[in-house]
Amino acid sequence: MKNDLKFSLKALLLMSLGAMMCFSCNSDDDGDDGSNGGDSEDIVVSVDASLFSQGDLTITMVPCTLSDGTETDCWEILTSSIPSDHEQGPWCPDNITDGDEKGGIWLENGNVYDVSGEFIQNMAAFYGDEEWLMYDDNGDIFKTETLEDCINAANPNVGEEYKNFCVECLPSYVTDLTQTYFIPVTPVKLDTSISFGGMGPGGGDGAPSQRGLAFNGVIFDAPAPTDAILGAYTIAPFDDAGGHINTGAGYHYHAATGVSTQLSQDDGHAAMIGYAMDGHGIYSQLDTDGSEPDDLDECRGHADDTRGYHYHVDNPGNNNFINCLAGAYAVMN
Ligand SMILES: [Zn+2]
Ligand SMILES: [Zn+2]
């Protein structure tokens, strides 16, 4: 009797466990089936402000208006644009005998080149133009040495005196700089993508020119105007993190090379590197199997069940991050 009772209780327990497992299986199946449709597009992931490294950043939630008229909350992010997670530079080597470690990188036609002494020595051949000669008889490379040089030479209309100069602006030239950015706490995806605004005052249609913010508070900026830089026979290299300095913006990135803080994902997806100006996450280009997702839209974004809509940055050699904003941006007022 006793044993029989024990047995039937056990059976009952197993049956109800099975039923529970069955229920959870069914609900999972429903979710998976939906992912073939538009379900992952419906998943909205808010900006986790705690992912930004707090050292040089001040982050506050403020009411804001988005470009589509949505009244909502934004993160107001004050940043010194000084990366706390890696060194800045170097950019220009001193002598044509210097190795890769003495210079930064240059981006050309989808490729990333180390700006070594040898690279500077070979620029005439690299660009097929004998006007390139950026070093003297001792092999010393002509490079900007002062704040004044940096301001004058980081300008496409440079005069003859800065022709054939390697341009670098040092962190010491930029002090007490604070940039303020607003990012929607909860992204609002739009039916039509938004082009980025142009550079300079009054540029564009009010949309930001900046693409997004790395977790260290450094901006993912618009592509560097490399044609204008080269047209003046100057080169303004990026450091190995893809960044360099100008006195107006401070330190900023033009390529994602995997140096700034990355948040690895446990499902083989590319690591997260920051947020776009519309509040959607920005991830590195390639998933852990080395492939780029094949379903990216014109902005370089797509959606999945874990991350909702998000972007994958462009190849660093393309001097580019993302192509447009799929969501509304915060309107400054
Ligand atoms: Zn730049
Ligand atoms: Zn993805």
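First listed ligand is number 1; within each ligand, the first listed atom is number 1. These numbers come from the heavy atoms of this one structure, side chains and all, not from hydrogens, waters or symmetry mates. Here the structure is a predicted model, which means the values were calculated and not measured.
For His269 atom NE2 and His302 atom NE2, the angle they make at the Zn ion (ligand 2) is roughly 160°, to 10 degrees.
Remark: Glu108 CD is packed, more than 12 non-hydrogen atoms of other residues, nucleotides or ligands lying under 6.0 Å away.
Residues Arg307 and Asp267 are paired through a salt bridge, judged by an N-O separation under 4.0 Å between the basic side chain and the carboxylate.
Centroid-to-centroid, the aromatic rings of Tyr127 and Trp132 come within less than 6.0 Å.
Contact between Ile183 and Val47 at its shortest, heavy atoms only, is CG2-CG2, 4.0 Å.
A distance of 8.5 Å separates CE in Met277 from CG in Leu325, rounded to the nearest 0.5 Å.
Around the Zn ion (ligand 1), the protein contributes the following N, O or S atoms at distances under 2.8 Å: His244 NE2, His252 NE2, His254 NE2.
Under a cutoff of 6.0 Å and an axis angle of 45°, Arg211 and Phe196 form a cation-pi pair.
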